[in-house]
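Just so you know, these numbers use all the heavy atoms, side chains as well, and skip hydrogens, waters and symmetry mates.
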Amino acid sequence: MGRNWQAKGGPVALATLHRLREAGLDARLTVIGCSPPEAQGDPHVTIHPQLDKSVPAEAALFQQLYARSHFVVQPSYESYGFAFCEASAHGVPSLCLRVGGVPVRDGVNGFALPPGSGAEAFAARIQATVADPAGYAALCRSTRAEYDQHLNWDAWGARVGDLLRDAVARRRA
């Protein structure tokens, strides 16, 4: 998900797809937001160069893509990423790199792998999760709960309000 294939870790996601297929999993990769040349023509990759969620048909397609997804794989070095919040809103666990500020908590709404992790590590994490269907179902439920409790604008506003009230109270004390 994103315009910059390299910055979002696209090459690692594509290599992860190939590792999973080599291991016998019927894995597929959906790319949204760019059109990476190295993924063109791969029969297991679907590319949507751009989806505009303000266009009803494209918003509906976006929802359908999430409904069919099992993971968001974004091995990026970015320090946040709304894509992870959006994935949590859809109950789709995220796999990313453990870099500062990423809203992915291990075993809660996905897994954050150590920086430098490559396709082998991402594929192994997916394989371990797929091998435990009950655990995966629980992960999907906790992923949505993480969104409901922490990763939405209302929760953000409430937290900021609490922090501001605490700061004002400390100044008055």
Side-chain angles (χ1 to χ4, degrees), residues 1-3 7-10 12-13 16-17 19-20 25-33 46 48 51-56 58-117 119-167 169:
M1 212 128 353
R3 291 187 178 115
K8 299 293 183 178
V12 174
T16 299
L17 166 73
R19 297 246 182 214
L20 292 169
L25 287 177
D26 185 21
R28 300 182 185 281
L29 178 65
T30 301
V31 177
I32 300 172
T46 302
H48 299 276
L51 289 178
D52 183 344
K53 293 181 277 184
S54 69
V55 175
E58 293 183 30
L61 174 59
F62 190 75
Q63 298 297 323
Q64 291 168 10
L65 294 172
Y66 264 116
R68 294 192 317 241
S69 295
H70 295 93
F71 296 97
V72 166
V73 179
Q74 194 167 319
S76 170
Y77 282 93
E78 293 179 342
S79 62
Y80 196 70
F82 287 104
F84 303 121
C85 299
E86 203 162 46
S88 290
H90 290 87
V92 177
S94 294
L95 301 175
C96 64
L97 295 175
R98 186 178 303 118
V99 294
V102 173
V104 175
R105 295 191 306 139
D106 284 343
V108 176
N109 64 331
F111 296 94
L113 284 66
S117 294
E120 288 180 20
F122 280 89
R125 171 44 57 197
I126 291 170
Q127 288 172 298
T129 305
V130 168
D132 179 12
Y136 175 75
L139 179 62
C140 291
R141 288 190 300 276
S142 67
T143 294
R144 176 55 200 213
E146 182 73 356
Y147 172 79
D148 289 336
Q149 296 165 15
H150 303 288
L151 299 178
N152 64 72
W153 288 115
D154 290 340
W156 178 85
R159 179 70 179 130
V160 168
D162 290 345
L163 291 170
L164 290 172
R165 279 187 290 284
D166 290 348

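Around CZ of R159, the count of heavy atoms belonging to other residues, nucleotides or ligands within 6.0 Å does not exceed 12.
Across T143 and G110, no two heavy atoms sit closer than the pair OG1-N, 4.3 Å. Taking every heavy atom of both residues into account, P75 and A13 meet most closely at CG-N, 4.1 Å. Y66 and A83 get closest at one heavy-atom pair: OH-O, 3.8 Å. For the residue pair L113 and F122, the shortest heavy atom distance occurs at CD2-N, 3.8 Å. Counting all heavy atoms, side chain and backbone alike, A27 lies closest to L20 at CB-CB, 3.8 Å. Scanning both residues, N109 and L151, for their nearest heavy atoms gives ND2-CD1, 3.6 Å.
Aromatic ring orientation, H90 versus F62: perpendicular (interplanar angle above 60°, classes split at 30° and 60°).
A donor-acceptor pair under 3.5 Å links the side-chain atoms of Y77 to the main chain of G116, judged by distance alone.
By the salt bridge (Lys or Arg N to Asp or Glu O under 4.0 Å) test, D166 is found to be paired with no residue, residues two or more places apart in sequence or in another chain being considered.
Summarising the geometry, atom OG belonging to S142 is positioned 9.5 Å from atom CD belonging to Q149; distances are rounded to the nearest 0.5 Å. Rounding to the nearest 0.5 Å places CZ of R98 at 8.0 Å from OG of S117. The CG atom of N152 sits 10.5 Å away from the CD atom of E146 when rounded to the nearest 0.5 Å. One distance of note links CZ of R68 with CZ of R28; it measures 10.5 Å at 0.5 Å rounding. Within the model, atoms CG of L25 and NE2 of H70 stand 11.0 Å from one another, a figure rounded to the nearest 0.5 Å. To the nearest 0.5 Å, atom CD1 of residue I126 and atom OG1 of residue T16 are 6.0 Å apart.
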In sequence, state the C-alpha distance, the side-chain angles, and the governing distance for L51 and L65, and then conclude on side-chain contact (heavy atoms from CB on, under 4.5 Å). CA-CA 11 Å; L51 289 178; L65 294 172; 3.8 Å; yes

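Between M1 and K8, the closest side-chain pair of non-hydrogen atoms is not below 4.5 Å. Counting only heavy atoms from C-beta outward, the side chains of E78 and V99 never approach each other to under 4.5 Å.
For an aromatic pair to be called close, the ring centres must be under 6.0 Å apart, and F71 with Y136 satisfies this.
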